[in-house]
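To start, the structure itself, in structure tokens.
Just so you know, these numbers use all the heavy atoms, side chains as well, and skip hydrogens, waters and symmetry mates.
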Amino acid sequence: MILTPEYIFRRVEAIRPEFLAQKGIQALVLDVDNTLTGDGSQVLEDSVQAWLQEMREAGISLTIVSNNTAKRVRPFAERIGLAWVSMACKPLPLGLMVARHRLGVKKSQMAMVGDQIYADRMAAGLYGIPCLFLLPRTPHDKARSVQIKRKYEPHWIRRYYEKGGKLYE
Ligand SMILES: [Mg+2]
């Protein structure tokens with residue numbers, strides 16, 4: 001099922017270069033809100049900055065695909081020096097197609113990183129790439145549409161654990 005996570009990480013910083021190497025993942029498509037920072041936030045935490053640097057040093061290509069507006073995404077993306085797609089309409093996989101061309105990798109070499117089952121996990125599933133699912137960075141979501149979708153996420157997360165999935169810390 002394309003909604004049950006394949007992997008769950010506590011935070012983006014828990015994604016380690018060794019894990020990616022083991023899975024043959026050379027490129028990551030990153031969500032922004034509640035993935036790299038809080039919802040609607042421009043704060044760049046030191047730990048996230050260090051993680052981005054670590055990924056670059058490990059030779060991992062990075063790009064941003066967000067459902068939020070250019071006004072919100074652009075300042076953050078420019079600050080961390082990444083190309084970006086805004087208004088991506090995840091779970092539609094259009095933004096991932098753009099990202100793959102930008103990254104210049106095969107589908108088997110890339111993964112989506114994000115915190116929403118009905119956006120990030122589903123887009124990855126529809127596009128046919130793995131999702132490195134994250135627990136949301138903060139408990140706050142501004143968009144009402146996101147708040148509604150959150151109510152239906154625990155079911156899929158429970159299924160992950162029932163199938164023997166572990167939380168990557
Ligand atoms: Mg998000």
Side-chain angles (χ1 to χ4, degrees), residues 1-37 44-68 73 76-86 88-137 153 155-169:
M1 183 63 200
I2 65 164
L3 293 175
T4 308
E6 306 115 298
Y7 313 100
I8 301 184
F9 296 81
R10 183 173 298 281
R11 305 197 302 166
V12 75
E13 297 96 312
I15 299 172
R16 311 303 315 149
E18 307 80 60
F19 174 92
L20 300 178
Q22 198 189 354
K23 307 287 180 195
I25 297 169
Q26 299 172 16
L28 296 177
V29 181
L30 304 168
D31 173 51
V32 179
D33 291 287
N34 269 328
T35 289
L36 292 176
T37 186
L44 175 60
E45 289 177 46
D46 290 345
S47 58
V48 173
Q49 196 163 17
W51 178 81
L52 289 165
Q53 184 58 29
E54 191 179 17
M55 289 293 122
R56 287 180 169 118
E57 284 167 9
I60 305 296
S61 303
L62 305 169
T63 197
I64 284 175
V65 173
S66 168
N67 278 358
N68 216 324
V73 177
F76 192 83
E78 287 185 344
R79 190 159 161 214
I80 59 177
L82 293 182
W84 49 279
V85 174
S86 61
C89 299
K90 293 174 283 183
L92 298 182
L94 224 71
L96 291 178
M97 290 166 67
V98 174
R100 189 175 78 77
H101 285 287
R102 193 176 271 171
L103 295 164
V105 293
K106 296 178 192 159
K107 279 189 184 181
S108 60
Q109 296 169 320
M110 65 191 280
M112 175 77 221
V113 177
D115 67 294
Q116 277 192 60
I117 295 284
Y118 293 95
D120 307 302
R121 169 66 186 101
M122 196 170 170
L126 290 172
Y127 193 52
I129 62 170
C131 180
L132 312 184
F133 185 75
L134 310 178
L135 299 182
R137 200 160 185 90
E153 290 185 336
H155 170 75
W156 302 107
I157 292 168
R158 203 163 46 240
R159 281 185 64 146
Y160 171 76
Y161 291 117
E162 282 168 4
K163 286 169 68 181
K166 68 161 191 170
L167 179 62
Y168 291 82
E169 303 271 2

**Asked** By side-chain hydrogen bond (donor to acceptor under 3.5 Å, both in side chains), which residues pair with R16, not counting sequence neighbours?
**Response**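 Applying side-chain hydrogen bond (donor to acceptor under 3.5 Å, both in side chains) to R16 gives E54.
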
**Under the side-chain hydrogen bond (donor to acceptor under 3.5 Å, both in side chains) test, residues paired with Q109 that sit two or more places apart** = none

**Prompt:** Just by distance, do the side chain of W51 and the backbone of L36 share a donor-acceptor pair under 3.5 Å?
**Reply:**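 Here the side-chain-to-backbone pair does not exist.
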
**Prompt:** Quick check: does any side chain N or O of E45 sit under 3.5 Å from a backbone N or O of T37, one acting as donor and the other as acceptor?
**Reply:**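 Not a single qualifying donor-acceptor pair exists.
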
**Message:** Could you report the tightest heavy-atom contact between D115 and D33, atom names first, then the distance?
**Reply:**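 The answer is OD1-O, 2.9 Å.
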
**R102: partners by salt bridge (charged side-chain N to carboxylate O under 4.0 Å, His left out), with sequence neighbours left out** = none

**Item:** Counterpart residues, salt bridge (charged side-chain N to carboxylate O under 4.0 Å, His left out), relative to E13 (two or more places apart)
**Value:** R11, R137

Check whether any side-chain heavy atom of [X] lies under 4.5 Å from a side-chain heavy atom of [Y], and answer yes or no.
X   : Y   : result
I64 : V73 : yes
Y7  : I15 : no
F76 : L44 : yes
I80 : L62 : no

Residues 162-169 side chain polar contacts: donor-acceptor under 3.5 Å, at least two apart:
unit_1, atom_1, unit_2, atom_2, d
E169, OE1, R10, NE, 2.6
E169, OE1, R10, NH2, 3.4
E169, OE2, R10, NH2, 3.0

**Asked** Hey, is NZ on K106 packed in by over 12 heavy atoms from elsewhere, all under 6.0 Å?
**Response** no

**Asked** For the atom pair NE2 (H155) and CD1 (I117), what is the distance rounded to the nearest 0.5 Å?
**Response**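 CD1 of I117 is found 10.0 Å from NE2 of H155.
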
Would you mind writing out the side-chain donor-acceptor pairs for residues 17-31 within the sub-3.5 Å range, not counting sequence neighbours?
unit_1, atom_1, unit_2, atom_2, d
D31, OD1, K90, NZ, 3.1
D31, OD2, T35, OG1, 2.8

**Message:** Could you go through Q116 and M122, starting from their C-alpha distance and side-chain angles, then the distance that decides it, and tell me whether this counts as side-chain contact (heavy atoms from CB on, under 4.5 Å)?
**Reply:** CA-CA 8 Å; Q116 277 192 60; M122 196 170 170; over 6 Å; no

**Request:** Just do the side-chain contact (heavy atoms from CB on, under 4.5 Å) check on M112 and Y127 with the steps written out, would you?
**Result:** CA-CA 10 Å; M112 175 77 221; Y127 193 52; over 6 Å; no

